[in-house]
**Student:** 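If you scroll down you'll find the structure; I have some questions about it.
Labels below follow one simple rule: chain letters A, B, ... track the order of the sequence lines, proteins then strands, and each chain is numbered from 1.
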Amino acid sequence: MKKKTEKNKELLSAYLDGELSENEIKDLEQRISESEELSAELNELKKIKSLTSSSSENLAEANYFESGLMQKIHSGKSATAKFKKWSPVIGFSTLAIILMIVLKLNPGILDQFVENQKTTLAGFYKENLQPLLYAADLTNEDIFNFAMYKQLPLDKSTNKYIQLGTSDNGKEFVEFRTIDNAPSENNLQKFVTALDLNEKQKEQVDSIINSYSEELQSQILINGNNTVAINKNLWNYNKALIADLYAYAEKNNQKVFAKIIPAGYKSVDPVTVTRAISEVKSNNNNDYIFVTPDTIFSEKYKFDKKDFAKQMVDLKKSMEEMKKEWKKSNFVIKTDSNFYKVFGDSNKANNYRIMIDSNICRVNIPKIAISPDLPNFDSIFSEMHLEKITENLKNFTVEMPKGFPFKGGDFKFKYGNGDSVKSFKFDMPPIKIDSILHESFKVLDSMNIPIPKEVYKALDSLNFDNFNFDDSGKSFDKKEFKKQMEEARKELLKLKKKNKELKKRPEKAPKPVTADTVKS
Amino acid sequence: MSFRKNKNDLQFSTVVNNNDDFSLIQKFNEGEESAYSTLVTRHKEKVRNIIFVTMGNLNSVDDIAQDVFLIVYKNLSNFRFESQFTTWLYRITVNKCRDQLRKNKIRSIIIPLKDSDSDASYTPSTEKKEVKEIVRKAISKLPDKLRIPLMLKDIEGFSYQEIADFVECEIGTVKSRIFRARENLKTLLKPYEKELMQ
């Protein structure tokens with residue numbers, strides 16, 4: 001039944017297109033007149049046909065059709081065109097044959113060629129390498145931040161930093177990046193303050209940091225060819241510096257160190273630390289990773305520190321000029337969409353690679369094993385930041401008793417927030433101001449009773465200059481308070497004097513009772 | 001130039017007897033290049049229109065048309081005079097369009113085509129613009145094997161037999177495909193009944 005209906009509809013469609021024979025038309029028209037359904041279907045199909053027929057738009061005339069066609073015909077005709085069509089194939093085939101012959105005769109030629117090119121290229125990029133950090137003019141604070149935050153500034157004005165880090169899979173890397181939040185300032189000062197070091201000890205901390213300054217400079221080199229050479233030992237320098245600072249802190253103020261260092265840090269034997277540091281420093285590792293605009297490669301490069309030190313004397317003279325030049329050169333890594341595909345050489349032992357996006361250039365650094373190995377400061381330091389120390393310092397608070405001026409109560413000195421640092425308090429004997437005033441008013445009330453000695457004693461004992469209120473007592477003006485108390489004392493003295501004078505005056509005698517007074 | 005005008009061209013081209021096309025081909029085969037130019041001038045608009053309605057947009061209409069005439073140029077010497085020149089010419093045209101549609105499909109998988117591509121080709125017409133756009137979009141959703149016969153019938157006015165010759169299939173298949181195309185269109189246009197009634 002359904003099939004028949006479909007067949008009828010198909011006939012209706014062909015009927016509309018004028019594709020039926022006379023007999024078919026006659027037969028169908030008969031059926032249409034008898035069936036409302038077919039009649040409705042015909043109307044539907046008519047509508048559709050009308051819509052499709054009128055759906056198309058005008059097609060603009062082609063003005064240069066013939067000329068274009070003739071060009072195609074003639075370009076396909078010429079022998080040169082035919083040759084052009086096949087020229088890439090012919091060219092590649094010829095080249096392949098030549099290469100096959102050459103390689104057959106001299107198999108090592110390709111390796112030799114590549115090696116030569118590599119050496120030439122490496123030579124070009126290794127020219128005039130200079131310490132990058134020298135230009136950055138590192139301060140002790142910067143080096144201290146390198147230890148704590150693993151950041152070294154390239155250009156502070158533009159917030160360009162070198163950042164060491166560890167990727168999720170445990171690979172150590174160095175990044176050249178613009179950072180949003182530069183490390184907070186005065187971290188070294190906070191560290192020194194927290195450890196409560198004296199002047200001599202501060203100098204010692206400075207000398208520790210200074211001893212790394214020059215070493216660090218030779219770890220990252222750059223030149224005018226936009227080459228950055230990173231020594232693989234850079235990471236170990238970071239560890240050594242932290243170890244050095246921690247060891248010193250622990251030695252000089254074990255109590256504070258224990259407080260500011262988070263749980264999980266295990267003291268490293270000082271001898272081990274010393275050995276590790278000396279190995280890092282004496283490790284004349286000449287393996288540099290060269291990051292260039294064209295490629296990345298790992299090569300030995302000897303940076304002559306002594307020669308550079310000599311140069312430094314001259315360089316320092318023209319420091320200002322140099323700074324300007326460096327700033328002009330502005331460290332730029334040219335990014336290329338294909339650059340991330342470069343994975344260094346095929347030797348898996350040199351497992352480094354570079355990742356670049358719009359503002360970060362990251363290079364993985366292979367580890368250089370040192371013996372003895374230093375602890376993983378990362379895991380420790382992730383819990384302990386200078387910010388926390390600073391917070392702890394802020395937590396030195398003094399709580400004043402409520403209802404100032406004093407109504408009695410305890411002064412509480414708190415240290416810490418109650419979690420990692422224990423709170424402790426000093427109980428001060430309350431100063432009984434209330435009782436003093438109470439006594440004073442008693443005097444004023446009675447006018448007869450002399451001011452007790454303890455009032456004067458208590459007032460005199462209020463040596464406010466010896467009180468050191470912290471910031472929490474800012475609203476308290478001790479000078480003003482002292483002045484007022486002084487005035488109060490003077491008032492009391494005046495009253496005392498008046499009281500004495502009153503006592504000296506004779507009292508009037510009452511009049512005697514007589515007969516006259518009784519009358520009246 | 002409108003389609004109605006093209007239909008006149010078609011009428012003209014059917015009025016032009018076979019001998020005329022045949023004699024031009026013969027002249028060309030005898031070395032008279034201008035005969036080929038005359039053939040091109042005579043049939044280019046029809047070929048372009050077939051390409052336009054078959055492809056559903058103006059993109060590369062002229063390119064395809066030139067390729068069609070290039071094939072004709074290269075193969076005229078093999079023409080056997082057994083069918084009308086136009087049947088041969090339009091078959092080449094439809095085949096070329098189908099080739100191009102196939103290539104476009106592969107390309108669209110790799111690089112998705114923009115919707116606007118299909119609209120750029122039309123000369124704006126104020127009359128029932130919206131209705132035409134709705135219908136055109138619905139037609140473009142039809143599968144090629146239904147759409148091409150429908151367009152060749154309703155726009156170009158070819159007979160079922162001619163269409164069967166161009167697409168190289170049975171006449172019954174053409175009849176069935178055109179009917180199925182209309183049925184599908186009914187479904188596709190159902191949501192726009194209000195707009196289409198205006």
**Student:** For B:K175 and A:A14, work out which heavy atoms get closest and say how close.
**Tutor:**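 Closest approach of B:K175 to A:A14, heavy atoms only: CD-CB, 3.6 Å.
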**Student:** Would you name the heavy atoms of B:I155 and A:T52 that are closest together and state the gap between them?
**Tutor:**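 What the structure gives for the nearest pair is CD1-O, 3.1 Å.
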**Student:** Quick one: NZ on A:K72 to CG on B:D63, what's the gap to the nearest 0.5 Å?
**Tutor:**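 It is 4.0 Å, given to the nearest 0.5 Å.
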**Student:** Please identify which of these residues, B:L185, B:I139, B:V53, meets the side-chain contact (heavy atoms from CB on, under 4.5 Å) condition with A:S55.
**Tutor:**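 It is B:I139, the one option of B:L185, B:I139, B:V53 that forms the side-chain contact (heavy atoms from CB on, under 4.5 Å) with A:S55.
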**Student:** Which atom pair, heavy atoms only, marks the closest approach of B:V40 to A:F65?
**Tutor:**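 Minimum heavy-atom contact is CG1-CE2, 3.9 Å.
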**Student:** Kindly determine whether A:I73 and B:K74 satisfy side chain to side chain contact (heavy atoms under 4.5 Å, CB included), including the steps that lead there.
**Tutor:** CA-CA 9 Å; A:I73 289 169; B:K74 286 176 181 171; over 6 Å; no
**Student:** Taking atom CZ of B:F179 and atom CG of A:L12, what is their separation to the nearest 0.5 Å?
**Tutor:**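 Those atoms lie 8.0 Å apart.
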**Student:** Might you point out which heavy atoms bring B:R182 and A:S13 nearest each other, and give the distance in Å?
**Tutor:**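 Smallest heavy-atom distance, with atoms named: NH1-OG, 2.7 Å.
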**Student:** Which pair of heavy atoms, one from B:T41 and one from A:E66, lies closest together, and at what distance?
**Tutor:**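 In this case the closest contact between B:T41 and A:E66 is OG1-OE2, 3.7 Å.
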**Student:** State the CD-NZ distance between A:E61 and B:K44, to the nearest 0.5 angstrom.
**Tutor:**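 With rounding to 0.5 Å, CD (A:E61) is 6.0 Å from NZ (B:K44).
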**Student:** At what distance, to the nearest 0.5 angstrom, does CE of A:M70 lie from OH of B:Y73?
**Tutor:**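 It comes to 7.5 Å.
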**Student:** Quick one: closest heavy-atom pair of A:Y64 and B:Q66, and the distance?
**Tutor:**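 Result for this residue pair: O-NE2, 4.2 Å.
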**Student:** Hey, what do you get for CD (A:E19) to OG (B:S159), rounding to the nearest 0.5 Å?
**Tutor:**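 Between A:E19 CD and B:S159 OG, I get 5.5 Å after rounding to 0.5 Å.
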**Student:** Any non-hydrogen side-chain atom of A:I48 less than 4.5 Å from a side-chain atom of B:L189?
**Tutor:**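 Sidechains of B:L189 and A:I48: in contact.
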**Student:** Nearest 0.5 angstrom please: A:L45 CG to B:I178 CD1, how far?
**Tutor:**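 So the gap between those two atoms works out to 12.0 Å.
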**Student:** Inspect the contact between B:K186 and A:E41 and indicate whether a charged nitrogen and a carboxylate oxygen are less than 4.0 angstrom apart.
**Tutor:**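 B:K186 and A:E41: salt-bridged.
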